[in-house]
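Both ligands and their constituent atoms are indexed starting at 1 by order of listing. Remember, it's a predicted structure, so these values are computed and weren't measured experimentally. Note: hydrogens, waters and symmetry copies are ignored here, and every other heavy atom, side chains too, is used.
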Amino acid sequence: MKNLWRCIQFIPEYRGKLLGVIAVGTVLGVIGTATPYLYKAIVDVVARLLSSSISRDEATNSVLIILAVFLLLRVGVVVFGAIQNRQADDLWLDTVSTFRQRVFDNMTQKSIDYFEKTRVGEIMDRFGNITTITMWLSSLTDGVLASFFQMILIVGVLLWKAPVVGVIMAAVLVLNLWISYRTVGWTKPYRRGWQALAGRMTGLLAEMIGNIATVRSFGGEPAVKQRYDNTQEEWKVTRGKLHVTEWRSEQALNFINTFGVFTAVVYTTWIALQGALSAGDILLILTLSQMLITTVGPIARQINQAGEIESTAERLVELLDVESDIQDRPNARQLVQIDTIEFDQVSFWYPGKDSPALNKISFHLQAGQTAALVGLSGSGKTTIVKLLMRFYDPTQGRILINGIDLRDYQQRSVRALMGVVLQDVALFNDSIGENIAFARPGAQIADVRKAAKAAHAEDFINKLDHQYDTVVGERGIKLSGGEKQRVAIARAILKDPQLIILDEATSALDSESEELVQQGLDQLRTGRTSVVIAHRLSTVMNADQILVMQNGLIVEKGVHEDLLKEPAGLYARLFSLQTQGRHLSLARQA
Ligand SMILES: Nc1ncnc2c1ncn2[C@@H]1O[C@H](COP(=O)(O)OP(=O)(O)OP(=O)(O)O)[C@@H](O)[C@H]1O
């Protein structure tokens, strides 16, 4: 149960409330056990009346008192039951929402690497486990704890009134708890297995939905369906094994319970025939024995479910325990201004890769300057930007800002000074206005419009049905590639950053729009430091330095005019190919 305990520790502020629920549960348990006592009392009074030991008036008076107590107890059950229901609901609501907030917060801290190697659907599946765990905790508080206390009391009373029956029922109780507990162990591998498979199925579904256009265009439906069906088949087999093991335990318990209650009845009847028990005692013992058997079933199921919940909790704890590789150092400093950026012999291997994506990269950038990263696809340009944003740390070498290692700054303070437009524009399923304002929460609509105008996005936004209130769909699916890019540029403009990072920021625009947006970007870059990745070299000709990359190395460095002076150099060849419009031969030459 260590994972479930870890989950509970994740929300320590609710321990007090839990104690409240347990207290009410104890009261309900006591009332539940007291009720058969009143039946016994009534029967005893009636038996004494029938044997003429007491008068009718005495019997009536006694029964009236017993009935008054009975009414009081029933009212108690209703009132405390209502309190317990309310407490359990509140506890669930509090725990589930706090838990979700904490896990969401935890997810926002994970390193980019984690998201790159984990299926979104699997993360969602694990996240969904929060509801299952808290529902179970809530059911525990809503009645089950009361039943548990009641069982303990029942065994106590039976041991006192009829020790042999007490021992039999205690044995029944212990066997129930023990077999249920053991079943948790026996079924653990199956539970883990089916939950992992269920997570994989959710992952496959999410992946298929995310790539639906590719699946359709390649006629890949049968292939993805096959993958899903195979996983589903495995899931079915594992789940089937789980059910069989549980079924065996349940049948064993049914047998033990039936045998136990039968033995108790036989023994009670036998000692009653010896005249050792009153009629009321017989009723009390038999009722309590039956109550115990009825109560123990749900408890046993709850213990069984605890196994399921423990595996669920394990998956959630696994998710929470993934430490981010990128952590702020203790006493990390705040970056308030960028004066210089320097890559000092930086090498970087992606996790699990044999060859470096970057190999001893060195360059120096002064505030206000533009560095352009150009080169063939896969040469490491985006990786440089990822390292600069500290999505990853260099494997070797250092990145220095104002002469200080990037790892000595607080990550948030570094990123706060950066405005980024990446190759793969990601928008939220929100309005265009909100997507732009994401860069500066609380920004005035006038500022949002100004940014949109500078990014030459205003024209297309004004033509939309709801202009700035138009919702863009999942990842901005309702916008064209060029429109998405202009929204992303507006977002970066609104942020008014010190350092601009543009990774193929105009790649999805036609030549005319590119010209316009380029003007906006040029305006934005004026007086600011920028790092620009571009395939179209004409857009970076004016950069203060152009870094030409190949296979993770900087193979040439300089300004446009100087680089052209090396006709055999990669830059000059690329430039010449592009100006001649022979893009296709580029890949072959590489
Ligand atoms: N998350 C990742 N995990 C493993 N390898 C990666 C990852 N991202 C990139 N790579 C590899 O690192 C190398 C450099 O990739 P990078 O994205 O930096 O190239 P690029 O020059 O920006 O390419 P492009 O111009 O096509 O965007 C490539 O070989 C690529 O396959």
Side-chain angles (χ1 to χ4, degrees), residues 110-120 122-123 203 207 210-211 214 322 324-326 341 343 345-363 365 370-397 399 406 418 420-426 481 484-485 488-489 500-509 514 530-540 543 545-557 563 569-571 573-575 577-578 583-590:
K110 295 253 184 290
S111 62
I112 294 282
D113 173 46
Y114 175 74
F115 295 105
E116 284 180 351
K117 64 185 182 209
T118 315
R119 282 199 174 105
V120 178
E122 287 208 27
I123 297 177
E207 199 173 53
N211 294 321
T214 313
V322 178
S324 176
D325 297 334
I326 310 294
I341 296 173
F343 272 57
Q345 297 282 309
V346 171
S347 296
F348 179 72
W349 277 256
Y350 278 105
K353 285 270 184 125
D354 305 333
S355 54
L358 296 179
N359 197 350
K360 298 206 168 110
I361 297 291
S362 293
F363 68 90
L365 189 64
T370 295
L373 300 169
V374 304
L376 301 171
S377 182
S379 54
K381 304 181 294 293
T382 302
T383 307
I384 288 193
V385 162
K386 283 186 190 168
L387 262 56
L388 190 54
M389 290 190 285
R390 225 186 143 207
F391 287 174
Y392 297 92
D393 281 333
T395 318
Q396 286 166 8
I399 300 171
L406 184 56
M418 297 179 174
V420 186
V421 184
L422 298 175
Q423 212 168 12
D424 179 20
V425 174
K484 272 199 283 187
Q485 245 166 348
I489 292 168
I500 315 244
I501 296 175
L502 306 174
D503 185 350
E504 286 291 309
T506 57
S507 65
L509 303 179
E514 182 174 8
S530 39
V531 176
V532 183
I533 298 178
H535 277 131
R536 236 172 290 175
L537 303 183
S538 56
T539 58
V540 289
Q545 56 175 317
I546 299 173
L547 309 170
V548 188
M549 297 199 62
Q550 193 173 20
N551 296 332
L553 292 161
I554 294 180
V555 288
E556 290 170 58
K557 198 191 286 189
L563 292 171
L570 180 60
Y571 184 83
R573 281 189 291 137
L574 289 173
F575 192 75
L577 283 170
Q578 287 190 7
H583 297 279
L584 280 176
S585 56
L586 187 63
R588 275 184 228 127
Q589 288 213 358

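The ligand atoms of ligand 1 that sit less than 4.0 angstrom from a heavy atom of T383 are 14 (C), 15 (O), 16 (P), 18 (O). Shown in contact with G378 at under 4.0 Å from a heavy atom are these atoms of ligand 1, numbered in order with element: 13 (C), 14 (C), 19 (O), 20 (P), 21 (O), 23 (O), 24 (P), 26 (O), 28 (C), 29 (O). The contact set between ligand 1 and H535, taken as ligand atoms under 4.0 Å from a residue heavy atom, comprises 25 (O). Residue K386 has at least one heavy-atom neighbour below 4.0 Å for each of these atoms of ligand 1: 8 (N).
Some N or O of G380 is nearer than 3.5 Å to an N or O of ligand 1, by distance alone.
Summary of contacts: the protein heavy atom closest to atom 26 (O) of ligand 1 is S377 OG, 2.6 Å. Here the protein heavy atom with the shortest distance to atom 12 (O) of ligand 1 is Y350 CE1, 3.3 Å. Here the protein heavy atom with the shortest distance to atom 22 (O) of ligand 1 is T382 OG1, 2.7 Å. Regarding atom 1 (N) of ligand 1, its nearest protein heavy-atom neighbour is E116 OE1, 2.7 Å.
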Q: Give the C-alpha distance, both sets of side-chain angles, the deciding distance and a yes or no for side chain to side chain contact (heavy atoms under 4.5 Å, CB included) between Y350 and T383.
A: CA-CA 9 Å; Y350 278 105; T383 307; 2.9 Å; yes
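Considering V374, L502, I546 in turn, L502 is the only one that fulfils the side-chain contact (heavy atoms from CB on, under 4.5 Å) rule with V532.
Nearest to atom 25 (O) of ligand 1 by heavy-atom distance, out of K381, M549, K353, is K381.
Annotation for N551: atom CG does not count as buried by contact number, only 12 or fewer foreign heavy atoms lying within 6.0 Å.
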